[in-house]
Every structure is written in C-alpha cells, then in structure tokens.
Amino acid sequence: MAQLIFPIEEFQNRVSKVQRELQSKDWPAMLVHTPENIFYLTGYQSPGYYMYQCLIVPAHGEPKLVLRRGELANVETYSCLSLDQVVTYEDTNDPVEMTADTVKDMGIPEGSIGVETGSWFLQVRNYKKLAACLDKYSLVDGQGTVEAFRVIKSVNELAYIRQACKVTDASMQAGLDAIQVGANEDEAAAAMFSAMILAGGEYLGMEPFISSGNRSGNMHAAWGHKVIGQGETLLLEVAGAVNRYHGALMRAAYTGQPSDEIKRVSEVCIASLNAAIETIKPGVTAGEVDQACRGTIEKAGMYDLFRKRTGYSIGVAFAPDWGEGHIMSLQRDDERVLQPGMVFHIPPALRVPNQYGVGFSETLVVTETGCEILTSLPRELTIIGG
C-alpha cells in the first residue's frame, strides 16, 4: 500500500494546475525529467534518479511515468500513481524510444510538447533523440512550468520543512559541541551526521560543510581531515531533510579569543542577515531583500568578501543541491515579488579565500505580515574555549 506523504487530493490539485497551464499555452503535453518535479506531482522518490525517468503529463487525462523496472516497488510505496500509469523499461531497452512510443500510445495530439530545457537530468543526446523520435511534434521550452507552483509551499509542505529545520538545529548544535582544539574536522562532521539521523533526518540533497582555519575562507569546503587549531575560524553549514523537504543553517565559530577583525566581520555578517529578515514581507521584491543584506555589507566596505546572492528558495531537493535557487533567488535587481508561503534560506557569508570565513543563516517562511524564522540556534559567533 502506498505511503503517501500528502493527501491524494493535493497531488491531484498539483497535476491539475500544471494541466491548466498546458491548456493555456495550447500544449498537448509536457515531458518532466527533473526528479523534484516528478516527486512534487506524484510522490515518487528514489535515489535511483541517475537512471532515465520521465513523467508524461498530458493536457487532459492521467500522467504516465516511464521508469526503470527495478524502481517499480518505489512507485507502489511512495506515489499516487496506479500501476497502469507506469511504463517500465529493462536495462537493455531504450527508455527514450519508449517515452516517444508512450506519448503516441497515449493518443496525445500533434503539437508543441513542453520539455525542461534546464533539467540536469535531460541529457543533450536524449533531448536530440526525443526530438527525432517525436518528429511530428515540436519540442518547446517548458522550463519553470512545474517550478512556478513549487515556489509557494502548502500547509502540509511547511509542516515537513519545520520538521527538517528541527533536524538542522540538532545537527548544527552537535557540530558546534564537537569542536575543540586538537580534534579534527572529521569528528565534528561525524557528530553532525549522527545527530541529524537520530533526529529523524534523511539523505540530503548536498553534503554538510565544515571547515576550519584557512579552509573556512573557501566556499563549499567540506570536512577534510584537518586538525582544528587554536585561534581559528570555523564555518559550518548543514541541512536537514524530511520527506525530501529541506531546511538549512549556517553558523561560525572561533577557537580562543577572536581578533578585532573577526569580531567585526561577524558583526557585519549578522547585521546583514538581520537587515534581510527585517525587510521580508509580502509585496517586497527579491531585489529589495538583497539590497538590504548586500547594502549593509557594502556600507561596511566588505563587499569584496561577499559577491554573491543573498538567498534562495528551499524545499524539495535531491542531490546535487538542497536549494531551489533555480526557482527563485534573492539577488540584485530581481523584481520578483515575495508572497506568503515562500520559503528561503538566507546565508550571507564573508570570506577571505585561504585565510578565514564567517557566515550566519536562517531558513524562514514569508507570512502575511513579515516572516517566521524556522531555525532556532542563537545568531552569534560561537567561542570555543575562550
């Protein structure tokens, strides 16, 4: 029996919204290859998305999923699809040809079929083969069609993100508690993983990051066997995942008494995060939130240590990323308007490459009047053995 994480009506409503969008564009169908979008529309999930899979969403009627045969049990376990909505292929079959044949067998009329041109999981050669096999159809850019509905989270989705943020808090606290001079980064990473799993966390869209000393100044530095020394900054960033929904958190620490420089960059970094949080409310643009954060850093004369976006949407994720920045980011001059139910991870960090780095973040949801912080650890530089 399927273990649906949402009422079946929620999945049906999502599919209906996409179908209405297809109808408005006069597209008879769309081919969905992105695992997050397939999950969003059907509930199907598996780490086996590295093999070809495609959800065919017609403008009218039931979707069909083209899938590796070995994954069929996961369809039965997790998805709202009936088995007659699944077309399986053996490893020796050509799944792209099977997708084209299924489109024709479904009686989808000739016309423009949307495809996710930005999907990491639609290889160029497969796109070309689809175009050749569907020569009586026209493949058009449908990127963002499903994502447009994902950006605003439902009450049920928010419940999972809240749980994920509790996992994140537990993992981060364990990592901070494990830091000590003479220990290595591996021990802190192990503590983070252990606490994450014991708190109910599941496999992540991206690995945690923990780096110390000069490595803390390098973006996306994961644990690297380095022994933690006295007088070093540490930068930790981790997410929690519950039913594929993520929440993330970043914190910085220092072993010993921090210098005036480290105190100053930490203060500016926290102030920039606070400024972004204070700006967030419905009707504000993504660019205005970025300006509040980035502007604080610029006024302090530290923009060269920043030079990135302020934040990004977060929610459903499979590797290689826990974020939804491709759906929406908080960045310079972005005119997209914030709405209640949008969830963001805002991680300002100030780095001097190969010297030091500090960063502080929160995961939050836009409310009717402002925002609600979903992560809960103190927003401060953690002093170790000072």
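In this text the structure is predicted, and so the values were computed from the model without any measurement.
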Completion exercise
K166 meets the side chain to side chain contact (heavy atoms under 4.5 Å, CB included) criterion, sequence neighbours left out, with none

Problem - P353: partners by side chain to side chain contact (heavy atoms under 4.5 Å, CB included), with sequence neighbours left out - result: N218

Problem - Shared-cluster residues of Y127, by chain and number - hydrophobic side chains joined below 4.5 Å - result: L31, Y50, M51, Y52, I56, V66, V87, Y89, V96, M98, V103, M106, I108, I113, V115, L122, L130, L134, Y137, L139

Problem - Residue list, side chain to side chain contact (heavy atoms under 4.5 Å, CB included) with Q355, at least two apart or on another chain - result: V352

Fill in the blank from the handout: Residue pairs passing the ring pair (Phe, Tyr, Trp, His ring centres under 6.0 Å) test with at least one member in residues 158-184, sequence neighbours excluded, are F6-Y160

Enumerate donor-acceptor pairs with a distance under 3.5 Å from any side-chain N or O in residues 20-27 to protein atoms, sequence neighbours excluded.
{"residue": "Q23", "atom": "NE2", "partner": "A59", "partner atom": "O", "Å": "2.8"}
{"residue": "S24", "atom": "OG", "partner": "E21", "partner atom": "O", "Å": "2.7"}

Review item, side-chain donor-acceptor pairs of residues 195-205, under 3.5 Å, at least two apart:
{"residue": "E202", "atom": "OE1", "partner": "N243", "partner atom": "N", "Å": "2.8"}
{"residue": "E202", "atom": "OE2", "partner": "N243", "partner atom": "N", "Å": "3.4"}

Problem - Of all pairs that satisfy ring pair (Phe, Tyr, Trp, His ring centres under 6.0 Å), the ones with a partner from residues 281-307, not counting sequence neighbours - result: none

Handout entry: Y44: ring-ring contact (aromatic ring centres under 6.0 Å, His included) partners, not counting sequence neighbours
Key = none

Handout entry: ILVMFWY clustering at 4.5 Å (side-chain atoms), partners of L235
Key = M250

Practice task
Show which residues join V227 in its hydrophobic cluster (side-chain heavy-atom contacts under 4.5 Å, direct or indirect), or state none.
Solution key: none

Sequence neighbours left out, cut at 3.5 Å: what donor-acceptor pairs do the side chains of residues 314-325 make with other protein atoms?
{"residue": "D321", "atom": "OD1", "partner": "G323", "partner atom": "N", "Å": "3.1"}
{"residue": "W322", "atom": "NE1", "partner": "Y312", "partner atom": "OH", "Å": "3.0"}
{"residue": "E324", "atom": "OE1", "partner": "K153", "partner atom": "NZ", "Å": "2.7"}
{"residue": "E324", "atom": "OE1", "partner": "S313", "partner atom": "OG", "Å": "2.7"}
{"residue": "E324", "atom": "OE2", "partner": "R150", "partner atom": "NH2", "Å": "3.1"}
{"residue": "E324", "atom": "OE2", "partner": "V316", "partner atom": "N", "Å": "3.0"}

